[in-house]
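Below, chains carry the letters A, B, ... as their sequence lines are ordered, and counting in each starts from 1. All figures in this text were calculated on a predicted structure; none of them were measured in a lab.
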Number of protein chains: 2
Amino acid sequence: MIEQGNPLALQLSPYGSFSNREQAVLDQFHHKQRIFPKGKELVHEGQAAPSAYILYEGWASSFKLMPDGGRQIIDFSISGDFLGLRSVFFRTSNHSIVSITDIKASQVTADDLYSTFGSCPRLATSLLRAASMDKAIAVERLVSLGRRNAPERMAHFLLELGERLMVVGLATEKGYDCPLSQFHLADALGLSAVHVNRVLRDFREEGLLTFRAGRVVYHDIEKLVRFCGFDNSYISQIRRLLT
Amino acid sequence: MIEQGNPLALQLSPYGSFSNREQAVLDQFHHKQRIFPKGKELVHEGQAAPSAYILYEGWASSFKLMPDGGRQIIDFSISGDFLGLRSVFFRTSNHSIVSITDIKASQVTADDLYSTFGSCPRLATSLLRAASMDKAIAVERLVSLGRRNAPERMAHFLLELGERLMVVGLATEKGYDCPLSQFHLADALGLSAVHVNRVLRDFREEGLLTFRAGRVVYHDIEKLVRFCGFDNSYISQIRRLLT
DNA sequence: CGAACGCTTGATGGCCATCAATCTCTGTGG
DNA sequence: CCACAGAGATTGATGGCCATCAAGCGTTCG
């Protein structure tokens with residue numbers, strides 16, 4: 001029942017399988033996809049953004065700029081994620097969204113969404129659940145920034161990312177490809193890029209994991225999990241249903 | 001059209017006025033309210049929580065406990081807020097919710113919600129919007145923890161709280177009553193209680209604001225706003241429509 | 001009246017930001 | 001084909017913000 005080539009369906013499918021009609025709506029979104037180049041600003045903070053996006057391939061980041069030029073990355077988006085859902089309900093978004101790599105995405109207007117809500121209420125519920133998980137991730141990031149030190153933050157973040165990528169088939173228990181720079185990590189974890197570098201070096205020297213040349217390789221994933229107290233239940237609820 | 005005595009209606013009303021029928025549904029929730037004592041655990045992390053709550057009076061906090069005994073407060077809930085919406089869609093919640101004061105709240109079951117969605121789709125949309133704003137607040141907290149120092153965090157937090165309280169008529173431009181201890185502030189802002197104390201002392205000595213004996217009094221609110229770069233647009237969208 | 005809780009202030013130290021310099025790699029234009 | 005620029009990675013030195021430890025105070029409540 002699940003179309004393998006549709007990551008959005010993959011992300012939503014754990015919440016129940018879809019009827020033909022619902023599948024058709026999902027595929028309709030899927031076929032409207034376009035290509036956006038790396039560095040393209042999809043949503044600008046403070047500006048009206050009448051449409052959202054479904055991301056099918058590539059990476060994007062949502063962030064907020066500080067008056068002093070600093071940047072706080074709220075989240076990274078990967079294959080199958082919804083972008084800018086918030087900006088559909090409010091007039092303006094409170095953060096910007098920019099593609100990190102070239103991406104394939106389809107634009108979804110507010111009207112698309114509202115009509116979907118009307119004709120396929122179960123899809124609406126699925127969306128709500130996806131949004132809920134979105135918030136769960138934000139909560140975990142909050143905990144990281146508030147109560148974990150730099151190495152714990154890094155470990156937790158990289159493990160979480162791996163779990164999310166595994167849901168859409170882009171990671172194994174060995175590791176995953178990751179186009180993020182150390183600056184990206186720094187801005188997401190509330191650290192300086194210099195310190196990110198040191199933490200990654202320590203991880204390498206202690207045989208925990210290697211992040212190099214755009215690839216994350218686990219060396220001792222269980223030690224990592226223990227070290228930062230990673231509990232994947234908020235993500236694996238999904239995976240358990242998939243496999 | 002707005003019933004003055006129903007804070008939930010007050011919080012949702014900015015998104016459009018309600019029909020009689022919708023108002024009736026809201027009032028139905030309103031009349032099921034019960035009293036819970038201070039310190040009551042409404043939702044326990046990791047446990048099934050089949051129902052959510054609508055808070056009508058008093059304060060609550062949602063938080064996550066760390067393995068080392070530390071605590072990260074995710075958010076405080078005030079009059080009119082929805083509690084544990086997440087735990088309705090997932091089997092388990094990823095954080096606990098405990099009342100800080102005695103509270104009046106009504107329990108809302110998952111079935112209540114689903115049937116509301118069916119009969120009053122505009123209420124469903126209102127809820128989605130409320131949840132969206134919830135996330136906006138989480139995002140602001142993320143930015144605070146990631147990129148602001150202690151005094152900026154404090155100022156931003158107290159201003160945001162004031163704006164939220166003003167929406168439900170519990171704050172003026174002079175200040176507001178606030179039952180939070182310095183430990184609460186510390187656990188929300190990712191600081192130690194000792195440092196919270198020092199920051200508040202500095203605010204007092206510099207004539208910015210006074211937080212004492214359960215009351216926050218602004219002395220120079222504009223300087224505060226400038227100091228931490230507070231932008232209330234994500235909350236005031238609501239207030240502007242109310243007044 | 002003692003205990004518990006929250007608030008307050010001082011002293012010490014560690015984590016991580018900041019500044020600065022070097023190195024690699026990639027792409028680009030002369 | 002090479003020189004050059006620019007982005008990202010790496011390492012060292014210095015210092016500041018804030019955690020931690022410790023002690024004393026006021027208030028509330030059983």
OP1 or OP2 of C/dT8 under 4.0 Å from side-chain N/O of B/Asn197: yes
Before accepting this row, confirm whether a basic side-chain N of the pair B/Arg215/B/Asp177 lies closer than 4.0 Å to the acidic partner's carboxylate O. yes
Gap between atoms CZ and P, on A/Phe211 and D/dG8 respectively (whole Å): 13 Å
Using a cut-off of strictly less than 4.0 Å, decide whether B/Arg212 has a side-chain nitrogen or oxygen near OP1 or OP2 of C/dT8. yes
Contact class for A/Gly190 (heavy atom, under 4.0 Å): base, sugar-phosphate, or nothing? sugar-phosphate
If I take atom CG in residue B/Asn149 and atom C1' in nucleotide D/dA19, what distance separates them, rounded to the nearest angstrom? 15 Å
Beyond-backbone contact of B/Phe211 with B/Leu185, side-chain heavy atoms, under 4.5 angstrom: yes
Taking the side chain of B/Val194 as its heavy atoms from C-beta onward, which of C/dG10, C/dT18, D/dA19 lies nearest to it? C/dG10
Given D/dG8, C/dA17, D/dT10, the nucleotide with the shortest approach to the side chain of A/His195: C/dA17
Whole Å only: how far is the CG atom of B/Leu145 from the P atom of D/dC17? 19 Å
Side-chain ion pair, A/Asp75 and A/Arg164, N-O less than 4.0 Å: yes
What's the CE-P distance between B/Met154 and D/dC18, to the nearest Å? 11 Å
Expressed in angstrom and rounded to an integer, what is the separation of B/Leu200 atom CG from D/dC18 atom P? 14 Å
Non-hydrogen atoms of A/Ala193 and A/Ala186 that approach each other most closely: N-CB, 3.5 Å
B/Arg201 side-chain N/O to C/dT9 phosphate OP1/OP2 under 4.0 Å: yes
Indicate whether OP1 or OP2 belonging to D/dT10 is found under 4.0 Å from a side-chain N or O atom of A/Arg204. yes
Separation of D/dG16 P from B/Glu152 CD (nearest whole Å): 18 Å
A/Leu180 or B/Arg198: which one's nearest nucleotide on DNA chain D is closer to the 5' end? A/Leu180
Qualifying residue, where the test is side chain to side chain contact (heavy atoms under 4.5 Å, CB included) with A/Tyr176 and the options are A/Ile78, A/Val217, A/Leu158: A/Leu158
Any side-chain N or O of B/Gln182 under 4.0 Å from OP1/OP2 of C/dT8? yes
Please report, rounded to the nearest Å, how far the C1' atom of C/dA17 is from the CG atom of A/Asp187. 13 Å
Atom CG of A/Leu191 and atom P of D/dC17: how far apart are they, to the nearest Å? 18 Å
